Participant: 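Take this structure, written in structure tokens, and hold onto it; I'll ask about it next.
All values derive from a computational prediction rather than experimental measurement.
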Amino acid sequence: MSVLEWLDEGARFDAEYQQGLSNHLPMALLALQRLGSSEARIDTFATRYVWRLESAPNTISWPSGEHWRNMLGIRDSWPTYRTLFREWIGRDGADVVLAQVLPELMAGCGAAAFHGIIRTAYAVQGGHERELADGLAYWACRHLPLGDGGGDGTVDDPTVVLHQMSTTSFDRNLIVESMCDAVQEPDFDQLIKLLKVDDSTLNRLSRLAAMLYSSSGNFTVLHLITSCHAMRVLLPLLDNPLPAMHAYWRAYVAGYMASDLCLDKTTTLQPWDQIIDIAIASDDEHVIKLVDSCREEERAYGGDEWHLAASRAVA
């Protein structure tokens with residue numbers, strides 16, 4: 001089947017499986033397509049991947065008269081939200097819906113360890129309305145505000161701020177659980193305030209995440225790279241992107257603190273063609289998405305940081 005056919009087929013599956021792991025099927029398929037994968041390889045990957053997924057719950061209608069924000073952060077609201085967003089997009093179009101919901105959703109951009117924004121960004125770029133509805137529904141049901149404030153300081157370089165923060169796993173099973181613990185650390189809010197968040201911040205954060213990943217291969221940092229890519233896709237859809245960047249900076253720091261980061265070695269640069277061939281052949285959805293994000297970020301910003309990160313991913 002083609003990517004579009006698999007995206008249609010993917011509607012049969014829940015947004016999560018095995019008690020909180022995110023369904024990466026639509027994201028990985030769209031990443032494979034952009035990397036230049038053949039239809040046969042896409043079909044093979046999807047056929048192998050779906051065995052781990054769980055069936056989607058039954059469709060539930062959105063309660064009449066209920067405001068769309070009223071179920072944010074309620075995990076069991078996913079089937080209700082997907083009904084709402086499918087009907088809303090079908091009636092008013094994707095652009096109208098995104099304009100109305102993105103500002104609110106961005107306040108909880110760390111949802112499901114950033115998978116809400118990542119899945120939504122892939123759906124936006126893929127132009128698949130039903131997948132967009134499901135991605136927005138996942139973001140909404142896992143909506144995760146991590147507090148307010150910060151990002152109004154005088155420091156331009158996020159590295160200066162992060163060097164003052166410790167990292168740990170917080171002994172949790174899921175990244176998002178450790179992120180929630182991180183924001184409770186005594187120095188979190190004070191250090192968050194040091195950075196000056198502006199139009200250049202996302203570039204700096206993406207570049208830093210790539211550098212950290214190429215020197216560590218850290219799984220949590222991987223999600224900082226792919227979420228930076230997603231933010232770059234979605235920010236232009238906002239009239240005022242600055243509040244979203246403030247929220248993302250808090251979530252990014254929470255992810256960094258939850259990473260239990262250990263910088264172990266430098267990475268040898270590999271040719272992009274070789275990296276892409278390895279990623280396409282991989283059954284690891286995170287490798288596929290990371291290589292795709294790294295290539296897209298390099299195209300957007302320039303520099304070898306993402307090339308090194310992608311090299312580390314396939315090493």
Participant: Taking atom types as modelled, is there a side-chain donor on W78 or E16 under 3.5 Å from an acceptor on the other?
Facilitator: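 No, E16 and W78 have no side-chain donor paired with an acceptor closer than 3.5 Å.
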
Participant: Any donor and acceptor pair, going by atom type alone, linking the side chain of H143 with main-chain N or O of L105 inside 3.5 Å?
Facilitator: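 Indeed, once roles are kept as given, a pair shorter than 3.5 Å links the two residues.
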
Participant: Mind checking side chain to side chain contact (heavy atoms under 4.5 Å, CB included) for D273 and listing every partner two or more places apart, or none if nothing turns up?
Facilitator: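 Not a single residue meets the side chain to side chain contact (heavy atoms under 4.5 Å, CB included) criterion with D273.
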
Participant: Tell me whether Y122 contacts the main-chain N or O of E131 through its side chain, where contact means a donor paired with an acceptor under 3.5 Å.
Facilitator: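 Judged by distance alone, no pair lies under 3.5 Å.
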
Participant: Please tell me if the side chains of M106 and W139 come closer than 4.5 Å, counting only heavy atoms from C-beta onward.
Facilitator: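 Result yes, sub-4.5 Å side-chain heavy-atom pair found.
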
Participant: For D198, is there an ion pair with R204 - N to carboxylate O distance below 4.0 angstrom?
Facilitator: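 Result for this pair is no, no salt bridge flagged.
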
Participant: In sequence, state the C-alpha distance, the side-chain angles, and the governing distance for W6 and V50, and then conclude on side chain to side chain contact (heavy atoms under 4.5 Å, CB included).
Facilitator: CA-CA 10 Å; W6 268 112; V50 296; 4.0 Å; yes

Participant: List the steps and the verdict of side chain to side chain contact (heavy atoms under 4.5 Å, CB included) for L191 and V253.
Facilitator: CA-CA 10 Å; L191 292 174; V253 174; over 6 Å; no

Participant: Assess whether atom CG of N240 is packed by more than 12 heavy atoms of other residues, nucleotides or ligands within 6.0 Å.
Facilitator: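 Above 12, so yes.
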
Participant: Are the side chains of D76 and P57 in contact, using a 4.5 Å heavy-atom criterion?
Facilitator: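 No; the side chains remain at least 4.5 Å from each other.
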
Participant: Please report whether the ring centroid of H115 lies less than 6.0 Å from that of Y138.
Facilitator: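 No; H115 has its ring centre 6.0 Å or more from that of Y138.
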
Participant: Taking all atoms of both residues into account, what is the closest heavy-atom pair of R119 and P26, and its distance?
Facilitator: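 Minimum heavy-atom contact is NE-CG, 3.6 Å.
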
Participant: I'd like to know if the side chain of S2 reaches the main chain of E5, judged simply by a donor and an acceptor atom lying under 3.5 Å from each other, with no hydrogens or angles considered.
Facilitator: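 Looks like yes, one N/O pair under 3.5 Å.
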
Participant: Would you call E298 and R295 a salt bridge, taking side-chain N to carboxylate O under 4.0 Å as the test?
Facilitator: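 Salt bridge absent between E298 and R295.
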
Participant: Would a 4.5 Å heavy-atom cut-off, applied to side chains only, mark P79 and N58 as touching?
Facilitator: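 No - every pair of side-chain heavy atoms lies 4.5 Å or more apart.
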
Participant: For S282 and I278, indicate whether the former's side chain and the latter's backbone hold a donor-acceptor pair under 3.5 Å.
Facilitator: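 No.
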
Participant: For T159 and D157, test the side chains for any donor-to-acceptor distance below 3.5 angstrom and give the result as yes or no.
Facilitator: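 Side chains of T159 and D157: pair found under 3.5 Å.
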
Participant: Can you find a pair of side-chain heavy atoms, one from K289 and one from H229, that are under 4.5 Å apart?
Facilitator: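 K289 does not reach H229 side chain to side chain.
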
Participant: A quick test of your reading: do over 12 heavy atoms of other residues, nucleotides or ligands sit less than 6.0 Å from CG of D148?
Facilitator: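 Open.
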
Participant: What heavy-atom pair brings I118 and A230 nearest, and what distance separates the two atoms?
Facilitator: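 It is CA-CB, 3.7 Å.
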
Participant: Might you point out which heavy atoms bring W306 and A210 nearest each other, and give the distance in Å?
Facilitator: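 Looking at all heavy atoms of both residues, the shortest contact is CD1-CB, 3.5 Å.
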
Participant: Measure across F85 and A140 and return the closest heavy-atom pair with its distance rounded to 0.1 Å.
Facilitator: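 Smallest heavy-atom distance, with atoms named: CE1-CB, 4.2 Å.
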
Participant: Decide if atom CE of M71 counts as having more than 12 heavy atoms of other residues, nucleotides or ligands within a radius under 6.0 Å.
Facilitator: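 Yes, the 6.0 Å shell around CE holds more than 12 heavy atoms from other groups.
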
Participant: For D264, I'd like to know if atom CG has over 12 heavy atoms of other residues, nucleotides or ligands within 6.0 Å.
Facilitator: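 Check passes, neighbour count above 12.
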
Participant: Check D283 with R41, please: is the shortest side-chain N to carboxylate O separation under 4.0 Å?
Facilitator: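 Yes, R41 and D283 are salt-bridged.
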
Participant: So, S311 side chain and Q270 main chain: donor-acceptor pair closer than 3.5 Å or not?
Facilitator: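 Indeed, once roles are kept as given, a pair shorter than 3.5 Å links the two residues.
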
Participant: Crowded around D239 CG? As in, over 12 foreign heavy atoms under 6.0 Å?
Facilitator: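 Open: at most 12 neighbouring heavy atoms sit under 6.0 Å from CG of D239.
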
Participant: Would the number of heavy atoms belonging to other residues, nucleotides or ligands and lying under 6.0 Å from CG of D284 be above 12?
Facilitator: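 It does: D284 CG has more than 12 such atoms within range.
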
Participant: Where the side chain of S37 meets the backbone of I280, is there a donor-acceptor pair that is under 3.5 Å apart?
Facilitator: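 Between the backbone of I280 and the side chain of S37 there is no qualifying donor-acceptor contact (under 3.5 Å).
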
Participant: Is the shortest side-chain heavy-atom distance between D156 and S200 below 4.5 Å?
Facilitator: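 Not in contact.
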
Participant: Checking W249 side chain against H246 main chain: does a donor-acceptor pair fall under 3.5 Å?
Facilitator: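 Not a single qualifying donor-acceptor pair exists.
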
Participant: What residues form a side chain to side chain contact (heavy atoms under 4.5 Å, CB included) with N218, not counting sequence neighbours?
Facilitator: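 For N218 the side chain to side chain contact (heavy atoms under 4.5 Å, CB included) partners, ignoring immediate neighbours, are S216, T220, V221, S259, L261.
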
Participant: Can any side-chain N or O of W272 pair as donor or acceptor with the backbone N or O of I276 at less than 3.5 Å?
Facilitator: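 Not confirmed, W272 side chain does not pair with I276 backbone.
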
Participant: Any donor and acceptor pair, going by atom type alone, linking the side chain of S206 with main-chain N or O of L202 inside 3.5 Å?
Facilitator: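 No, because the side chain of S206 does not come within donor-acceptor range (under 3.5 Å) of the backbone of L202.
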
Participant: Start with the C-alpha distance between D8 and H128, add both sets of side-chain angles, then the distance that settles side-chain hydrogen bond (donor to acceptor under 3.5 Å, both in side chains), and finish with yes or no.
Facilitator: CA-CA 9 Å; D8 290 337; H128 194 280; 2.9 Å; yes

Participant: List the steps, then state whether side chain to side chain contact (heavy atoms under 4.5 Å, CB included) holds for L7 with R130.
Facilitator: CA-CA 8 Å; L7 290 176; R130 184 156 60 178; over 6 Å; no

Participant: Under 4.5 Å between side-chain heavy atoms, hopping through other hydrophobics if needed: is there a path connecting L235 to L224?
Facilitator: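 L235 and L224: one cluster.
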
Participant: State plainly whether one hydrophobic cluster holds both Y213 and L308, where clusters connect Ile, Leu, Val, Met, Phe, Trp and Tyr through side-chain heavy atoms under 4.5 angstrom apart.
Facilitator: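 Not linked; separate clusters.
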
Participant: Find the distance between OG1 (T226) and CG (D292) and round it off to the nearest 0.5 Å.
Facilitator: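 If I round to the nearest 0.5 Å, the distance is 10.0 Å.
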
Participant: List the atom of V160, the atom of Q164, and the distance in Å for their closest heavy-atom pair.
Facilitator: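 Minimum heavy-atom contact is O-NE2, 3.3 Å.
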
Participant: With a 3.5 Å distance limit and no angle check, can you tell me whether S293 reaches the backbone of L290 through a side-chain donor-acceptor pair?
Facilitator: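 No.
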
Participant: When rounded to the nearest 0.5 angstrom, what is the spacing between CG in L208 and OG1 in T201?
Facilitator: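 Rounded to the nearest 0.5 Å, the CG-OG1 separation comes to 12.0 Å.
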
Participant: For E9, I'd like to know if atom CD has over 12 heavy atoms of other residues, nucleotides or ligands within 6.0 Å.
Facilitator: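 Check passes, neighbour count above 12.
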
Participant: Are any of the side-chain nitrogens in R207 or E297 under 4.0 Å away from the carboxylate oxygens of its partner?
Facilitator: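 E297 and R207: not salt-bridged.
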
Participant: Would you name the heavy atoms of H223 and A113 that are closest together and state the gap between them?
Facilitator: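 Looking at all heavy atoms of both residues, the closest pair is CD2-O, 3.9 Å.
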
Participant: Please test R52 against D14 for salt bridge (Lys or Arg N to Asp or Glu O under 4.0 Å), starting from the C-alpha separation and ending with a verdict.
Facilitator: CA-CA 11 Å; R52 73 186 74 178; D14 203 343; over 6 Å; no

Participant: Between L136 and W88, does the side chain to side chain contact (heavy atoms under 4.5 Å, CB included) criterion hold? Intermediate values first, please.
Facilitator: CA-CA 12 Å; L136 288 170; W88 194 355; over 6 Å; no

Participant: Quick one: do the S227 and Y248 side chains pair a donor with an acceptor below 3.5 Å?
Facilitator: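 Yes, a side-chain donor-acceptor pair sits under 3.5 Å.
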
